[in-house]
There are 2 protein chains.
Amino acid sequence: MKEAGVFKKFLSGKKLKHSERRDWILDAFLHIEKHLTVEELWTAVKRKHPSVGFATVYRTLKLLCESGLCSEIRFDDGTTRYEHNYNHEHHDHLICMECGRFLEVVDDGIERLQERLMKRHGFLPRHHRMNLYGICRECKKEHSPVQGTAR
Amino acid sequence: MKEAGVFKKFLSGKKLKHSERRDWILDAFLHIEKHLTVEELWTAVKRKHPSVGFATVYRTLKLLCESGLCSEIRFDDGTTRYEHNYNHEHHDHLICMECGRFLEVVDDGIERLQERLMKRHGFLPRHHRMNLYGICRECKKEHSPVQGTAR
DNA sequence: CTCTATGCAAAACCTTTGCATAGAA
DNA sequence: TTCTATGCAAAGGTTTTGCATAGAG
């Protein structure tokens, strides 16, 4: 099923109503392949549909999260962002502390060990969040000029 | 070196001043072995020293983080908490989604794979944050009554 | 003395809510 | 018609700041 279908089904299941604006917002959300802040999504939606209000975007994002299409991530710098969550496999993040660029990755070995770790402590695993912080290749270059060849 | 020493050194290094209040706050912080909110720390400090203001606790916590004694954690529910970071080995969290209880754990296997994963992608590893969410042993019991023996 | 630390209150943020009206079923 | 959805503005909650004064060096 496509995302729009998932959302519609979710709405009718909760006896909520489908609306044009909700479509617009979902659309904008789906067409931006990055981790969005509410602000960013609002700006994107307004480009095409200037009348949409801030609160509506907020409210719709909450619904999208409930419907499973989207999930909220709290980064260490305090920002809250939203990411696609449907037809996207679970993944973790490698985040550059200099430039903010990030990669989405999955490491099966780690996933397996995480599951084992939880079970060993009597937990029923639900989900997890793993953010690895470091300096990316590009930023490393900028900070460590080539050694041994003073110029 | 003891924590108080680390903090003093950090302060003088930044040409900041040592003060009685900062000692009180550091003390309260060190004596509570849990993940504190600013509010909780403030309450604890005020028990002994009622004159201390909220803003001072906030400001001091920021300094403690900079000095490396403490670090900020953003949980998935949006709360911000602070944890001891000195003479505490790095650790990850197993968090119960029902009751909020958590365990601090380290899994060497996971740590190794994390490091490898970062390097494989050209990152210089700095630190990471891994929170595993699930249902703890106690909460599991409450939700799944013993099977087969109706009472 | 000089410069930082502090309490207090106000400001700045970010997110949620209330309400009157528009819109969906 | 009878709901819910929405824009707007106001309210909440949390964190930060400005300012006058106390305190450290």
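Residue numbers start from 1 in every chain, and the chains themselves are labelled A, B, ... in the order their sequence lines are given, proteins ahead of strands.
- When heavy atoms are screened at a 4.0 angstrom cut-off, A/V38 is found touching no nucleic acid atom at all.
- One finds a side-chain N or O of A/K62 lying less than 4.0 angstrom from the OP1 or OP2 phosphate oxygen of C/dT16.
- Atom NZ in B/K14 sits about 18 Å away from atom P in D/dG25, given to the nearest Å.
- Side-chain atoms of B/H49 do not come within 3.5 Å of backbone N or O of B/V45 as any donor-acceptor pair.
- Regarding A/E40, its CD atom lies at a distance of 14 Å from the C1' atom of C/dC14, rounded to whole Å.
- Contact annotation for B/R22: backbone-only contact, meaning every heavy-atom pair under 4.0 Å involves sugar-phosphate atoms and none involves a base.
- Checked against the 6.0 Å centroid criterion, the rings of A/H127 and A/H90 do not qualify as a close aromatic pair.
- In this model, the phosphate group of D/dT15 is approached by a side-chain N or O of B/Y58 to a distance below 4.0 Å at OP1 or OP2.
- Ranked by how close their nearest DNA chain D nucleotide is to the 5' end, B/H18 and B/A55 are led by B/A55.
- Between B/R74 and A/D76 there is no salt bridge, since no side-chain N of the basic residue sits under 4.0 Å from a carboxylate O of the acidic one.
- Atom pair B/L11:CG and D/dA24:P shows a separation of 14 Å (rounding to whole Å applied).
- At least one side-chain heavy atom of B/L16 sits less than 4.5 Å from a side-chain heavy atom of B/L63.
- The NZ-C1' distance, from A/K17 to D/dT4, rounds to 4 Å in whole Å.
- Close to C/dT15, at under 4.0 Å from its OP1 or OP2, lies a side-chain N or O of A/T80.
- Separating the CZ atom of B/R59 from the C1' atom of D/dT16 is a distance of 9 Å, rounded to the nearest angstrom.
- Taking atom CG of A/L63 as the reference point, atom P of C/dT16 lies 12 Å away to the nearest angstrom.
- Between B/S19 and C/dT4 there is no side-chain N or O to OP1 or OP2 distance below 4.0 Å.
- Atoms NZ (A/K15) and P (D/dC3) sit 13 Å apart, rounded to a whole Å.
- Side-chain contact check for B/H84 versus B/E3: every heavy-atom pair is 4.5 Å or farther apart.
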